[in-house]
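Data block below; observations after.
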Amino acid sequence: MAVRTIAKGERARGEILAQHPGARLEVRRVDLADLASVQEFADGLLADGTPVDVLINNAGVMAPPTRMTTADGFELQFGSNYLGPFALTIRLLPLVLAAPAPRVVTMSSGVASYGRIRFDDLQWERRYRPNLAYAQSKLADLMLAEHLAAVAAQRGWTLISNAAHPGFTRTNLQTAGASLGRDKPKRTPFNSLTILPSQAVGPGTEPLLYAATSPDAVNGGYYGPGGRFRLVGPTTTVRPPRRARDAATAARLWADAERLTGAALPAQVARP
């Protein structure tokens, strides 16, 4: 169980064991907003040498009211939601490819549809816009999944790289990010969108679990709710927005991520 806060991870481990006493769980720390933490976590797994069957890039932050930065100086959403998972994925590829039928699943969002990759200001240093910065990071996540899928196909890997989005799922994501740097939780526009359909956490996790486990999920696939406004309901295949299917932009973004994180895809991946 890869967590940022060990105490919370141990509590979650206890809750799981209470329902599934036979589960084998180990809690390890990784902070996706700190590339040194990402490397330390990956190095620990590489030292163990155990293949990784499924890597799920799910953690993230949404719409801090003011521009904040990661330990490495990146805008917090771009750094935590995209650059951190990118670096983790690249560093763990030897273990992923050592598994017989591995998958890398990356969580995007419906807001990726209005995201833009701002190559002239990826870190939002000029005019920070919380929700647009979030949309950029979620579009980048989707492009990560799509580009990795293309690389896997080109190189003949058995790897499936796909993506999912949860629709409008009721969690603390909408308030936690918007409350960063504040003394009390902030109400956000999402708190007031009661006219829109929403769903609980259980159904909201289904697209991600489908992408990670279903025999019908495919390389390059994108999955989300298929009900009202594509915000709730049973999982279905979703067509990625046009910008996410721009192979040239995805390749350029990938190259920038390699430069910014120092985690580069080698010509050949050495498996343990």
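- In this structure D121 satisfies the salt bridge (charged side-chain N to carboxylate O under 4.0 Å, His left out) test together with R118, sequence neighbours excluded.
- A heavy-atom distance below 4.5 Å is found between the side chains of L148 and W254.
- At most 12 non-hydrogen atoms from other residues, nucleotides or ligands lie less than 6.0 angstrom from CD of E40.
- Taking the side chain as every heavy atom from C-beta outward, P85 and L32 approach each other to under 4.5 Å.
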Please lay out, stage by stage, how V61 and M68 fare under the test side-chain contact (heavy atoms from CB on, under 4.5 Å).
CA-CA 11 Å; V61 63; M68 306 177 76; over 6 Å; no
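- Chaining together hydrophobic side chains whose heavy atoms lie under 4.5 Å apart places I6 alongside M1, V3, I16, L17, L25, V27.
- The shortest non-hydrogen separation linking R91 to A42 is CB-CB, 3.8 Å.
- Side-chain atoms of P225 and P207, non-hydrogen and from C-beta on, do get closer than 4.5 Å to each other.
- Within the 4.5 Å cutoff, no side-chain heavy atoms of I117 are placed close to those of R252.
- Counting heavy atoms from C-beta outward, R103 and L55 have side chains that stay 4.5 Å or more apart.
- Residue pairs meeting the salt bridge (charged side-chain N to carboxylate O under 4.0 Å, His left out) criterion with at least one member in residues 197-214, sequence neighbours excluded, do not occur.
- Not one N or O on the side chain of E75 forms a donor-acceptor pair closer than 3.5 Å with the backbone of E125.
- Contact check for P94 versus L46: side-chain heavy atoms found under the 4.5 Å cut-off.
- In this structure, CG in L95 is found 7.5 Å from OG1 in T50, a value given to the nearest 0.5 Å.
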Please tabulate, one pair per line, all N/O donor-acceptor pairs under 3.5 Å involving side-chain atoms of residues 156-165, not counting sequence neighbours.
residue, atom, partner, partner atom, Å
S161, OG, A145, O, 2.8
N162, ND2, A211, O, 3.1
H165, ND1, G167, N, 3.0

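- Partners of R29 according to the salt bridge (charged side-chain N to carboxylate O under 4.0 Å, His left out) rule, which considers only residues two or more places apart in sequence or in another chain, are D31.
- Residues passing the ring-ring contact (aromatic ring centres under 6.0 Å, His included) test with Y210, sequence neighbours excluded: Y223.
- For the ring-ring contact (aromatic ring centres under 6.0 Å, His included) test, no residue two or more places apart in sequence or in another chain qualifies with W124.
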Which is it for L139 and Y114 under the side-chain contact (heavy atoms from CB on, under 4.5 Å) test, yes or no, and what are the steps along the way?
CA-CA 8 Å; L139 174 60; Y114 64 82; over 6 Å; no
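- Legend: side chain to side chain donor-acceptor pair (under 3.5 Å) pairs involving residues 224-235, not counting sequence neighbours: none detected.
- Here side chain to side chain donor-acceptor pair (under 3.5 Å) pairs that include residues 79-90, with residues two or more places apart or in two chains, are N57-T89, N81-S137.
- Legend: salt bridge (charged side-chain N to carboxylate O under 4.0 Å, His left out) pairs involving residues 130-157, not counting sequence neighbours, sorted by first then second residue: K138-D141.
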Any chance you could lay out the side-chain contact (heavy atoms from CB on, under 4.5 Å) test for L76 and T70, step after step, and finish with the verdict?
CA-CA 5 Å; L76 183 61; T70 69; 4.1 Å; yes
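- For E15, the salt bridge (charged side-chain N to carboxylate O under 4.0 Å, His left out) test picks out no residue, with sequence neighbours left out.
- The side chain to side chain donor-acceptor pair (under 3.5 Å) pairs that include a residue from residues 239-250 are D246-T249, where partners are two or more places apart or lie in different chains.
- Two residues are said to be in side-chain contact when any heavy atoms from C-beta on lie closer than 4.5 Å; F74 and L35 meet this criterion.
- Counting heavy atoms from C-beta on, the side chains of V30 and V38 come closer than 4.5 Å.
- Cluster annotation: L132 is not connected to F78 through the hydrophobic network of ILVMFWY side chains, with a link wherever side-chain heavy atoms come within less than 4.5 Å.
- Q199 places a side-chain N or O within 3.5 Å of a backbone atom of P166 that can act as its donor or acceptor partner.
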